[in-house]
Number of protein chains: 2
Amino acid sequence: MTVSATDIVESEAGEGRREKSKAANRQAILTAARRVFSQLGYDGATVRDIIRGTELASGTFYNYFKSKEEVFEALADDGARRFRPVLRAARENATCFEDYIYTAVHAYFTFLAEEHQSGGHPLKDRGPHVRSSTPEMLAVYEEVRDGVAEAIAKGVAPKVDPDYLAAASIGVAQEAGEVMLRQTPPDIDAATRFVADFILGGVQKAASR
Amino acid sequence: MTVSATDIVESEAGEGRREKSKAANRQAILTAARRVFSQLGYDGATVRDIIRGTELASGTFYNYFKSKEEVFEALADDGARRFRPVLRAARENATCFEDYIYTAVHAYFTFLAEEHQSGGHPLKDRGPHVRSSTPEMLAVYEEVRDGVAEAIAKGVAPKVDPDYLAAASIGVAQEAGEVMLRQTPPDIDAATRFVADFILGGVQKAASR
DNA sequence: AAGAAAGTTGACGGGCCGTCACGGCTGCGC
DNA sequence: GCGCAGCCGTGACGGCCCGTCAACTTTCTT
């Protein structure tokens, strides 16, 4: 085994041309997919539309994703992957349950507004709404449920079924989030106040039975 | 103009063969679509799959619906059309705001459990969730918002933004509904208690700011 | 340098899409 | 009853998208 020029480049860059190309292609597909989904909607988009948005050939697409659904999930996963740590931090830094909910909700709406503004939100007004449940999004759900369960265990939150509570909180946040996004510009703070209060009042009353 | 045998049949039945056939075809398509959607999922289903589930030719489909999306919406519309009067009745018969919410939520979960059990629920575990916003479903949304707005106007409900409140209530009910449906059998009463209390507590706290 | 491995390409068979010219059936007037 | 006009079901058709694959190019290894 000799040390070649390529080896030097590799050790400097940390990866060979092959790896770089793979990463670049994958990214190109994801970027094109983001644009295509937001323009044509999930239903209207085709795999061909996506690869036409890149320099690649149709066959190449299938080296990276099995279907348009899988690309969509990769995009959703991406969002969830960025959002989860934020949620986790909110949990760890919270001084009380109220604080936790407020911070988490605020983080969600901020995230939502950013995604929406960057045009990357893969939703279209026409056609059925589409939501996916990727592993990573399930992880967000679990993060919410665990955060809630922990608060209950610590006694700082009322005792309620964590599954129902997590579902209810996510439902409120999602629907209210859509209402918020209809405004221009979105009033994140108002939405946060409403939703956080709603959840806090809800959990309290649901527990009081 | 003579009175023929056909005329008699027509006047007795209220419609001729033509009308009957049209209604029957439309119904056949809807029935097949319901089955196909629940088996293959919205994404997996094709217009061809649907017409293959009938005795009709492919072209005939397009005499009744423009696309698979339109059939889906017709099905959703159907559900909404049956649900709305129930909601309206809940509003009109309610003795107080608590009663209204409780009754409406209970009606929704009952409806959901029925739809689910009859296998007609066009949802599949695989693939992205899909929800549509047909005129009739928007009408349900408006029914909720108006019910809420009326309660606020009457002073029996706290003052909050009806849009946010309606969205929040629908979100809670939808998500909690899915949690409920994961149980076998679904515990409608428990779900109703949780969701109704959650909404009532939420609206109270959200208004108190 | 040269072979091996990995990745890219675009053409291909198969299937679905939405349309449309055709023909049978319905309803209407006589 | 009869015959015609129009409605509507039919299925074949051109066009597009799907996922695959054998041939080719690029990268890596020795």
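The basis for the numbers below is simple: all heavy atoms, side chains too, and nothing from hydrogens, waters or symmetry mates. Quick note on labels: first sequence line is chain A, next is B, and so on, each numbered from 1.
If you take OH of Tyr62(A) and P of dA11(C), they are 16 Å apart, rounded to a whole angstrom. Per the geometry, CD belonging to Glu55(A) stands 12 Å off P belonging to dG10(C), to the nearest Å. Rounded to whole Å, atom P of dT26(C) lies 15 Å from atom NZ of Lys22(B). Atom CG of Leu56(A) is separated from atom P of dT25(D) by 18 Å (rounded to the nearest Å). Taking atom CG of residue Asp43(B) and atom C1' of nucleotide dC17(C), one finds them 16 Å apart after rounding to whole Å. Atom-to-atom, CG of Asn63(B) to P of dT26(C) comes out at 16 Å; the value is rounded to the nearest Å. We find that CZ of Arg48(A) is positioned 10 Å from C1' of dA11(C), with the value rounded to whole Å. Distance Ile51(A) CD1 to dA11(C) P: 12 Å, rounded to the nearest Å.
The side-chain hydrogen bond (donor to acceptor under 3.5 Å, both in side chains) test applied to Arg48(B) returns no partner, not counting sequence neighbours.
Put simply, the side chain of Glu69(B) never gets that close to the backbone of Glu73(B): no donor and acceptor are under 3.5 Å apart. Distance alone, capped at 3.5 Å, is enough to place a donor-acceptor pair between the Asp49(B) side chain and the Thr46(B) backbone.
Annotation for Glu92(B): atom CD counts as buried by contact number, over 12 foreign heavy atoms lying within 6.0 Å.
Of all heavy-atom pairs between Val160(A) and Ile152(A), the closest is O-CD1, 3.4 Å.
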- Quick one: do Arg82(B) and Asp78(B) satisfy salt bridge (charged side-chain N to carboxylate O under 4.0 Å, His left out)? Show the steps, please. CA-CA 6 Å; Arg82(B) 274 176 298 142; Asp78(B) 195 50; 3.8 Å; yes
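Between Arg52(B) and dC16(C) there is a side-chain polar atom (N or O) within less than 4.0 angstrom of OP1 or OP2. In this model, the phosphate group of dG9(D) is approached by a side-chain N or O of Asn25(B) to a distance below 4.0 Å at OP1 or OP2.
For the pair Lys68(A) and Tyr42(A), the cation sits on the ring face: its NZ or CZ lies under 6.0 Å from the ring centre, inside 45° of the axis.
Thr46(A) comes within contact range of the sugar-phosphate backbone alone, with a heavy-atom separation under 4.0 Å but no base atom that close.
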- Query: If you write DNA chain C from 5' to 3' in dot-bracket form, with Watson-Crick or G-U pairs under 3.5 Å, [ ] for crossing pairs and | for pairs with another strand, what do you get?
  - Reply: ||||||||||||||||||||||||||||||
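Each of Ser58(A) and Tyr64(A) was matched to the nucleotide of DNA chain C holding its nearest heavy atom; the match closer to the 5' end belongs to Tyr64(A). Nearest-nucleotide positions on DNA chain D for Ser67(A) and Glu19(A) put Ser67(A) closer to the 5' end.
Residue Val47(A) places its side chain closer to dG19(D) than to any other of dG18(C), dG19(D), dG7(C).
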